[in-house]
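Heads up: the structure comes next, in structure tokens.
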Amino acid sequence: MQKILDAIQADELDAIGSLPVPEHYRGVTVHADEVEMFKGMASRDKDPRKSLHLDEVATPELGPGEALVAVMASAINYNTVWTSIFEPVSTFKFLERFGKLSPLSKRHDLPYHVVGSDLAGVVLRTGPGVHSWKPGDEVVAHCLNVELESPDGHNDTMLDNEQRIWGFETNFGGLAEIALVKANQLMPKPDHLTWEEAASPGLVNSTAYRQLVSTNGANMKQGDTVLIWGASGGLGSYATQFALNGGAIPICVVSSPEKAEICRKMGAELIIDRNAEGYKFWKDESTQDPKEWQRLGKKIRELTGGEDPDIVFEHPGRETFGASVYVARKGGTIVTCASTSGFMHEYDNRYLWMNLKRIIGSHFANYRESYEANRLIAKGLVHPTLSKTYALEDTGQAALDVHRNSHQGKVGVLCLAPEEGLGVRDHEMRAKHLDAINRFRGV
Ligand SMILES: NC(=O)c1ccc[n+]([C@@H]2O[C@H](COP(=O)([O-])OP(=O)(O)OC[C@H]3O[C@@H](n4cnc5c(N)ncnc54)[C@H](OP(=O)(O)O)[C@@H]3O)[C@@H](O)[C@H]2O)c1
């Protein structure tokens with residue numbers, strides 16, 4: 001591993017293909033024999049530091065269409081929080097089901113799960129049938145893993161009936177020194193970014209792009225008002241940038257003055273601090289309070305000069321969904337990709353049908369959408385939202401930060417990279433965007 005790292009740091013990338021691939025590597029895992037460890041505990045008390053381990057694991061055999069990547073840096077996504085607290089189900093169920101598909105997929109069905117759905121690094125080896133990438137290429141990876149053997153996914157690969165999220169529903173993820181991906185997950189690493197910056201947008205940037213911008217999602221247009229929940233969080237920090245870039249008007253919902261300030265730094269003007277406003281959309285576990293929906297709607301109109309949101313960018317789920325459906329304008333769109341606070345949503349359907357609103361489900365992004373989202377990063381039109389970086393050994397703490405919502409934007413993890421700040425090729429472009437790249441740092 002050291003020889004590979006030395007070659008990367010010495011910029012001897014042509015040599016990578018002739019260096020031996022290590023038989024073992026260090027990866028962040030959960031263990032199948034620990035899935036009951038938090039049984040009976042409340043979600044918020046489940047501690048990822050207890051369930052995430054740093055193990056030496058065997059390097060998987062490389063199959064057709066695949067690539068092994070030396071991972072310089074990765075990032076925490078909420079799916080690693082879900083994996084680490086074994087909610088809503090243990091990810092070993094995904095690996096077991098995947099393992100039944102073919103002898104090749106059987107490799108993934110192990111008593112440990114190497115997690116992580118983002119990476120920036122260098123291609124080590126490519127399998128048979130891979131022609132577009134070669135050892136030594138500097139890459140990032142999106143997390144869509146598809147088989148495409150059925151016709152279903154051929155208009156939109158997210159509709160493949162064997163669609164999986166790499167590092168969540170497959171093994172050998174990015175929070176490790178080596179990762180196994182399909183070659184059609186690879187994209188060029190933006191030259192002006194460090195390894196940890198380049199690794200951080202991937203999953204959330206692609207997801208927010210499909211959800212808000214793509215014709216598969218809300219198909220946002222200039223002038224649209226967009227209510228963005230968690231506007232300084234993983235998804236929201238990209239949704240806010242897409243709204244501003246695309247000539248739309250974001251209304252950013254956050255939970256502290258610090259988070260509000262970050263949104264202002266991104267260029268947003270209309271901001272709601274949900275903590276300061278003290279919204280309580282639920283009176284108790286089973287009863288919502290429509291008066292609180294109205295109070296939110298009134299606040300939005302105050303900010304917009306009387307307009308309601310054309311699009312509501314939803315992901316908190318149960319806690320906010322009733323309000324989201326209520327505040328969307330007549331004919332507006334509520335686009336949802338998640339349910340952090342609970343997946344059994346309740347809303348008043350009269351507001352939906354009488355006002356001709358639409359709810360759109362959105363999940364990750366296809367290769368094309370991910371590529372377009374990464375291109376925006378590479379061109380300096382959208383910027384990473386990295387706030388803090390941890391060592392691979394401290395991934396549990398990094399996941400706890402996200403679980404506790406004590407983070408901003410994205411939390412990075414150094415894998416093979418020995419320190420932050422490495423991997424930049426285009427220093428001139430970096431200098432031009434430095435303030436924007438560092439907006440979320442140290443907040
Ligand atoms: N389907 C997909 O492809 C996909 C992709 C990415 C993520 N996701 C899911 O989307 C969710 C968010 O991911 P993320 O990366 O953006 O996470 P994140 O970095 O934790 O950001 C989410 C933000 O939402 C806000 N929030 C959390 N709970 C809330 C509540 N009850 N009411 C209102 N706002 C709340 C918080 O912001 P404030 O406290 O500032 O309001 C938080 O910072 C997760 O459940 C994740 O699994 C799905």
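Every number for a ligand or one of its atoms is a count from 1 in the order of the listing. FYI, side chains are in, hydrogens and waters are out, and symmetry mates aren't considered; it's all heavy atoms of this structure. Numbers for residues simply follow the sequence, beginning at 1.
- In this structure, Asp289 does not pair ionically with Lys280, as no charged nitrogen and carboxylate oxygen lie closer than 4.0 Å.
- Here is the list of ligand 1 atoms found below 4.0 Å of a heavy atom in Glu319: 31 (N).
- For ligand 1, the atoms lying closer than 4.0 Å to a non-hydrogen atom of Val254 are 40 (O), 41 (O).
- Contacts between Lys410 and ligand 1 below 4.0 angstrom, taking non-hydrogen atoms only, are absent altogether.
- For the salt bridge (charged side-chain N to carboxylate O under 4.0 Å, His left out) test with Glu197, the passing option among Arg430, Arg439, Lys410 is Arg430; the others fail.
- Here's the thing with Gly236: none of its N/O atoms is less than 3.5 angstrom from an N/O atom of ligand 1.
- Between His433 and His383, the angle of the ring planes lies from 30° to 60°, which puts this pair in the tilted group.
- The closest non-hydrogen atom to atom 4 (C) of ligand 1, taken over Thr207, Val411, Ile228, Thr385, comes from Thr207.
- Every atom of ligand 1 is numbered from 1 in the order shown, and the set under 4.0 Å from a heavy atom of Lys259 is 38 (P), 39 (O), 40 (O), 43 (O).
- Proximity to Thr320 (heavy-atom distance under 4.0 Å) selects the following atoms of ligand 1: 32 (N), 33 (C).
- Remark: ligand 1 atoms within the under-4.0 Å shell around heavy atoms of Leu203 are 5 (C), 6 (C).
- Side-chain contact between Val114 and Val57 is present, with heavy atoms from C-beta onward closer than 4.5 Å.
- The shortest N or O to N or O distance between His363 and ligand 1 is under 3.5 Å.
- A salt bridge links Glu66 and Arg107; the closest N-O separation between the charged side-chain nitrogens and carboxylate oxygens is under 4.0 Å.
- For atom 23 (C) of ligand 1, the closest non-hydrogen atom of the protein is Gly230 CA, 3.6 Å.
- Residue-ligand proximity: His407 is placed with a non-hydrogen atom under 4.0 Å from ligand 1.
- The aromatic rings of Trp293 and Tyr351 lie perpendicular to each other, with more than 60° between the two planes, well past the 30° mark.
- Within the 4.0 Å heavy-atom criterion, neither part of Val81 lies near ligand 1.
- Checked against Leu270 for a side-chain contact (heavy atoms from CB on, under 4.5 Å), the options Ile251, Ile228, Val253 give a single hit: Ile251.
- Considering only heavy atoms from C-beta on, Tyr326 comes within 4.5 Å of Gln294 through its side chain.
- Counting heavy atoms closer than 4.0 Å to ligand 1, residue Ile165 contributes nothing at all.
- By the 4.5 Å heavy-atom criterion applied to side chains, Tyr209 and Leu376 are counted as neighbours.
- Close approach to Gly234 involves these atoms of ligand 1, each under 4.0 Å from a residue heavy atom: 15 (O), 16 (O), 18 (P), 19 (O), 21 (O).
- Distances shorter than 4.0 angstrom do not occur between any heavy atom of Asn77 and any atom of ligand 1.
- Using a 30° and 60° split on the angle between ring planes, Tyr371 and Tyr367 fall in the perpendicular class, above 60°.
- Under the rule for a salt bridge (Lys or Arg N to Asp or Glu O under 4.0 Å), the partners of Glu372 that lie at least two apart in sequence or sit in another chain are Arg368.
- What sits closest to atom 3 (O) of ligand 1 on the protein, heavy atoms only, is Phe364 N, 2.8 Å.
- Taking every non-hydrogen atom of Trp82 and a distance limit under 4.0 Å, the qualifying atoms of ligand 1 come out as 45 (O), 47 (O).
- Those atoms of ligand 1 with a heavy atom of Val204 less than 4.0 angstrom away are 15 (O).
- The single protein non-hydrogen atom nearest to atom 46 (C) of ligand 1 is Tyr78 CB, 3.4 Å, given as residue, atom name and distance.
- Contact record, Ser232 with Ile262: CB-CG2, 4.4 Å, taken as the closest heavy-atom pair.
- The protein non-hydrogen atom at the shortest distance from atom 35 (C) of ligand 1 is Arg274 NH2, 3.4 Å.
- Salt bridge Asp156/Arg210: present, at least one basic N to carboxylate O contact under 4.0 Å.
- Between Pro316 and ligand 1, no pair of N/O atoms sits closer than 3.5 Å.
- The shortest contact between atom 9 (C) of ligand 1 and any protein heavy atom is with Ala338 CB, 3.2 Å.
- Under 4.0 angstrom from ligand 1, the non-hydrogen atoms of Ser255 come from both its backbone and its side chain.
- Summary of contacts: the protein heavy atom closest to atom 45 (O) of ligand 1 is Thr340 OG1, 2.8 Å.
- Between Phe98 and His108, the ring-plane angle classifies as tilted under the 30° and 60° cut-offs.
- The nearest protein atom to atom 16 (O) of ligand 1, hydrogens excluded, is given as Leu235 N, 2.8 Å; this is a heavy-atom distance.
- Not counting sequence neighbours, Lys189 has no partner by the side-chain hydrogen bond (donor to acceptor under 3.5 Å, both in side chains) test.
- Counting only heavy atoms of the protein, atom 36 (C) of ligand 1 lies nearest to Asn405 ND2, 3.6 Å.
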